[in-house]
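The residues of the chain are indexed from 1 along the displayed sequence. Each ligand, and each atom within it, is numbered from 1 in the order the structure gives.
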Amino acid sequence: MTEQSPALDNLLTESRTFPPSDDFAAQANAKAEMYAEADADREAFWAKQAERLTWDTKWTTVLDWTNAPFAKWFVGGKLNVAYNCVDRHVESGHGDQVAIHWVGEPGDTRDITYAELKTEVSKAANALASLGVTAGDVVAIQLQMVPEAIFAMLACARIGALHNVVFGGFSPTALRARVDDAAAKVVITSDGQFRRGKAAPMKANVDEALEGAETVEKVIVVKRTGDKLEGEMPWTDSRDVWWHELVDGQSEEHTPEAFDSEHPLFILYTSGTTGKPKGILHTSGGYLTQTAYTHHNVFDHKAGEDVYWCTADIGWITGHSYIVYGPLANRVTQVVYEGTPNTPHEGRHWEIVQKYKVSLYYTAPTLIRTFMKWGAEIPEKYDLSSLRVLGSVGEPINPEAWIWYRENIGAGTAPVVDTWWQTETGAIMISPLPGVTSAKPGSAQKALPGISAKVVDDQGAEVGPGGGGYLVLDKPWPSMLRGVWGDEERFRDTYWSRFKDQGFYFAGDGAKYDNDGDVWLLGRVDDVMNVSGHRISTTEVESALVSHPTVAEAAVVGATDPTTGQGIVAFVILRGNAVDGGEEAIQALRNHVAKEIGPIAKPRQIMVVPELPKTRSGKIMRRLLRDVAENRQVGDVTTLADSSVMDLISSGLKSGKSEE
Ligand code: WTA
């Protein structure tokens, strides 16, 4: 917790609303009646959504909440998640439908039908089984956006193994922490990845990470960059095996086994308020029910007609829930793109939309703001008339970016759905319904049918219209996290202790109601930053800085940034013997953080200071540092142990701005 209460400042009054057109509303999957239907009988409502899946054994009880906060959904039910995402579509006669239009960064492409997906996933499942991977084992995956990433995840699901996907941009240190904590038995990676037109090593980093790792028996390597990669790729004969050598020769037949609805599906690590990332655990039946339900209703997805594209990376929850599980359970045809949005040019996304006639597009505000910066004349050059729903996720979307998105990408007509959710919630929780809601730029608006969210004050009492406070989820939901891997206490502490008496899940976000009762998200109220939609804890970056030999102490804040939402600003006190705080030293510190955590955590700015502002109990007052970082008049300093510290900081600043 910070020393602050959530931001309760009044938002700019946003009075524009955008109701759906009559035509859109008439054909929409989700109708207004759904809210009342869910309110009348929540469990019956969720049972109906679960029936969209194929179950091997039907559940006996929809929800068991007797052991709260550990929920059980669809108790007694059995299903195979991969069967639901793949085989059943082939069996229903859609084997020739394209599941994935894959687009490589260098321009190579691959269309994968559901029949081919079934073959690939079956072979990969047999391959994992041949290495001794069985239900309950953990497989770590560090792969860029290649089809094998999806095959591997589904192969794990098929045999009941848990995947633990680690974002490709994470450093060896970060990968190792996630491999060790989850006790991964197998790691899947690639030789290298194409990034901004260049081949960069992956396997070499994985090898560095795995030095001495005790649980890892095998490393499977997808060949992607091949001889385009410069230098030697390290290889350990007894441990490493090429994906193609292991998988290609496997049988194409694999019988999926039905697992319990509560069988673990995956672990995904996310930043918390301490330095150690939390392994968020998700299970099978409830997770698949809600990801499929939300994908169907929020994006208005029509199987066999729409072409969907979610631009997230597989390393984040959005990639799990809205590239792999929800969409494939709904028999999607989707684009998966390997590269960056400006390689080889700034119109790359729109060129892809035009080529594949993408109709549903889901991205993050940071990218929308980047597109704004590049200019409307870029999307203008392409035919984007296929687009009919636009989604946003990851951070609050400012009204200006929302309007730009609707006008310039959605031809002024496509509904924009601003979807609020978290790694922990597993699926979308608060969002407009595109054929129902009169959309308001900048607001996520309403909890979806079947979901309950409230804005409450410090005491847990719901605030009135126009009031601000904390966002809580006051009723269990099917795709909710089932725990923090190996740490029950942390699970209870982080999410369930803040409003223990009421039994609310505390999301860590500040929010307010407007006068219509719509929800506006105001950002995190804890020490978690949101940089380009990525959650990074201030403590993690502080620990990385302090691990450098020249740093004595560090404090990190997230400062408002026009493109990335927040930018990381670090204040460091150098050790007595450290040379100076010159440009080179600062650059070295930035690189050190990138090496420890990953390039996404590189501070935008590092300021060398003689002191840090602390309360009498020794707590760093980040609020004051944020004032400095955002070039504001420094606020109230009366609780500082030494109130002259801020003057010292302001006068003695040496700052190192990033050139990126
Ligand atoms: C923020 C990403 C405002 C929020 C799916 C949340 C948002 C955190 C929105 C979760 C949104 C996500 N409006 N804020 N539409 N979507 N957030 O776990 O602070 O990477 O707590 O999940 O992102 O980030 P995570």
Side-chain angles (χ1 to χ4, degrees), residues 6-7 11 165 167 169-170 266-273 277-282 287 290-291 294-295 298 310-323 325-326 362-369 390-399 401-402 405 416-432 437 439-448 451 453 455 470-473 479-481 484 494-495 498 505-512 518-537 558 564-566 600-601:
L11 293 151
V165 182
F167 176 58
F170 272 132
F266 66 84
I267 310 168
L268 182 62
Y269 285 82
T270 186
S271 288
T273 52
K278 300 176 287 222
I280 302 301
L281 174 67
H282 282 288
Y287 173 80
Q290 193 177 329
T291 52
T294 48
H295 176 259
V298 173
C310 167
T311 70
D313 190 278
I314 216 91
W316 310 113
I317 191 67
T318 310
H320 286 57
S321 301
Y322 296 104
I323 293 176
Y325 293 109
Y362 191 25
T363 195
T366 181
L367 195 56
I368 299 168
R369 290 190 296 264
L390 302 175
S392 171
V393 61
E395 55 176 312
I397 175 166
N398 36 316
W402 194 104
Y405 194 27
V416 174
V417 287
D418 175 9
T419 64
W420 179 89
W421 59 294
Q422 308 179 296
T423 305
E424 292 86 343
T425 70
I428 300 171
M429 303 293 282
I430 306 179
S431 164
T437 317
K440 283 182 194 167
S443 170
Q445 297 188 281
K446 249 189 179 37
L448 288 174
I451 300 298
V455 181
Y470 304 98
L471 182 70
V472 298
L473 303 167
S479 63
M480 67 195 292
L481 76 167
V484 171
T494 311
Y495 305 107
R498 183 73 182 71
Y505 167 91
F506 173 53
D509 280 11
K512 70 169 272 171
D518 281 325
V519 175
W520 294 73
L521 275 307
L522 302 174
R524 304 287 306 187
V525 296
D526 54 17
D527 294 338
V528 177
M529 300 174 286
N530 191 329
V531 182
S532 298
H534 302 149
R535 275 163 70 172
I536 301 164
S537 93
T564 61
Q566 284 190 310
I600 52 166

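- Rounded to the nearest 0.5 angstrom, T366 OG1 and I397 CD1 are separated by 11.0 Å.
- With hydrogens and angles ignored, the 3.5 Å screen pairs a side-chain donor or acceptor of T419 with a backbone N or O of S392.
- For the residue pair P277 and Y269, the shortest heavy atom distance occurs at O-CD2, 3.9 Å.
- When non-hydrogen atoms are compared, ligand 1 lies under 4.0 Å from neither the backbone nor the side chain of H534.
- Residue contact check: V393 has heavy atoms under 4.0 Å from atoms 5 (C) of ligand 1.
- Within the structure, the closest approach of A444 to ligand 1 does not fall below 4.0 Å when heavy atoms are considered.
- Distances shorter than 4.0 angstrom do not occur between any heavy atom of W316 and any atom of ligand 1.
- Atoms OH and OG1, from Y322 and T294 in turn, are 2.5 Å apart once rounded to the nearest 0.5 Å.
- The shortest contact between atom 3 (C) of ligand 1 and any protein heavy atom is with P396 N, 3.1 Å.
- Of all protein heavy atoms, the one lying nearest to atom 24 (O) of ligand 1 is R535 CD, 3.1 Å.
- Within the 4.0 Å heavy-atom criterion, the part of I317 lying near ligand 1 is the side chain and not the backbone.
- In this structure, the side chain of S321 engages the main chain of G426 through a donor-acceptor pair within 3.5 Å.
- Using a 4.0 Å cut-off to heavy atoms of L521, the atoms of ligand 1 that qualify are 3 (C).
- Of all non-hydrogen atoms in Q566 and N530, the two that sit nearest each other are OE1-N, 2.9 Å.
- Using a 4.5 Å heavy-atom cutoff, the side chains of H282 and L268 are not in contact.
- When non-hydrogen atoms are compared, ligand 1 lies under 4.0 Å from the backbone of E395 (N, CA, C, O) but not from its side chain.
- Between Y287 and F266, the angle of the ring planes goes over 60°, which puts this pair in the perpendicular group of the 30/60° scheme.
- Closest protein heavy atom to atom 4 (C) of ligand 1: D509 OD2, 2.8 Å.
- What you find for P432 and V416 is that their closest heavy atoms are CG-O, 4.3 Å.
- Proximity of T423 to ligand 1, defined as any heavy-atom pair under 4.0 Å, is shared by backbone and side chain alike.
- Contacts with ligand 1 closer than 4.0 Å are made by side-chain heavy atoms of N530 only, the backbone lying farther away.
- Of the protein's non-hydrogen atoms, G394 O, 3.3 Å is the one closest to atom 1 (C) of ligand 1.
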